[in-house]
Amino acid sequence: MFPGINLETAAQLNLAHFCDEEGNSVRIAVLGALQGVDGGLAAELVVDTPFVAGRVDLSLWRSRLTSWGEALDRLEAGEDIAWLHIQRGPSLSIHLSGERGCPELVIEDALSSMVTVRVPMDLPADWIATHQVLLGAVLTAWGDHLAPE
């Protein structure tokens with residue numbers, strides 16, 4: 001169906017996966033091609049903590065993946081980020097020094113559920129580099145499918 005894409009492997013990719021030893025997890029899972037829309041990917045933003053769990057659909061385009069890469073670069077430079085905060089659908093903000101002295105992820109779904117979840121996480125030292133690798137894997141697997149910018 002999509003030349004050059006191993007759909008079984010590509011659909012199991014995470015664009016992001018934040019987790020800690022306390023059982024908190026936030027991930028963006030790529031589910032596959034966005035049905036009925038050329039050049040997009042279906043994904044979901046999944047929150048799983050000992051206190052709260054939920055998921056919300058997310059559409060990914062090449063421009064959103066590019067902005068995720070730019071957000072990772074800003075995080076690496078020591079800046080907080082807000083990804084997808086001015087677009088339709090959920091947004092993800094990362095505050096490097098949250099209220100508990102560790103990074104804090106803020107997931108907001110203002111459009112659909114009107115819910116905001118804050119998840120403080122004690123992330124490993126190499127978490128930004130790990131997420132740059134995850135982004136590269138998604139772009140390698142789905143680059144030919146994604147519409148050009």
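From a predicted model like this one, the values you see are computed outputs, not experimental measurements.
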Q | Heavy-atom donor-acceptor pair, Arg62 side chain to Leu146 backbone, under 3.5 Å | A | yes
Q. Are any side-chain N or O atoms of Arg64 and backbone N or O atoms of Leu84, one a donor and one an acceptor, separated by less than 3.5 Å?
A. no
Q) Is Thr130 close to Val133 at the side-chain level, that is, under 4.5 Å between some pair of heavy atoms? A) no
Q) Can you tell me how far CD1 of Ile94 sits from CD1 of Ile107, rounded to the nearest 0.5 angstrom? A) 9.0 Å
Q.
Show, in sequence, the C-alpha distance, side-chain angles and deciding distance for Trp61 and Val37, and conclude whether the side chain to side chain contact (heavy atoms under 4.5 Å, CB included) test is met.
A. CA-CA 10 Å; Trp61 315 98; Val37 181; 3.2 Å; yes
Q | Donor-acceptor contact below 3.5 Å, side chain Asp20 vs main chain Leu123 | A | no
Q) Got Val138 and Leu41 here, is their nearest side-chain heavy-atom distance under 4.5 Å? A) yes
Q) Between His85 and Ser91, which heavy-atom pair has the shortest distance, and what is it? A) CA-CB, 3.7 Å
Q) Is there side-chain contact between Asp73 and Gln132, with heavy atoms separated by less than 4.5 Å? A) yes
**Q.** Ile28 reachable from Leu34 in the ILVMFWY side-chain graph, under 4.5 Å edges
**A.** no
Q | Non-hydrogen atoms of Leu134 and Leu15 that approach each other most closely | A | CB-O, 3.5 Å
Q) Is Asp122 atom CG crowded by more than 12 heavy atoms from other residues, nucleotides or ligands, each under 6.0 Å away? A) no
**Q.** Neighbour count above 12 (heavy atom, 6.0 Å) for Asp38 CG
**A.** no
Q. Once you round to the nearest 0.5 Å, how far does NE2 of His131 lie from CG of Asp126?
A. 10.0 Å
Q: Could you pull out the closest heavy-atom pair between Trp68 and Ala16, with the gap in Å?
A: CZ2-CB, 4.0 Å
Q. How long is the span from the CG atom in Leu139 to the CG atom in Asp144, to the nearest 0.5 Å?
A. 11.0 Å
Q) Is Pro90 close to Leu111 at the side-chain level, that is, under 4.5 Å between some pair of heavy atoms? A) no
Q.
Within this structure, what is the CZ-OG distance for the pair Phe18 and Ser25, rounded to the nearest 0.5 Å?
A. 10.0 Å
Q: Would you give the length of the straight line joining atom CG of Leu45 to atom CG of Leu58, rounded to the nearest 0.5 angstrom?
A: 6.0 Å
Q) CG of Leu105 to CE of Met121: how many Å apart, nearest 0.5 Å? A) 5.5 Å
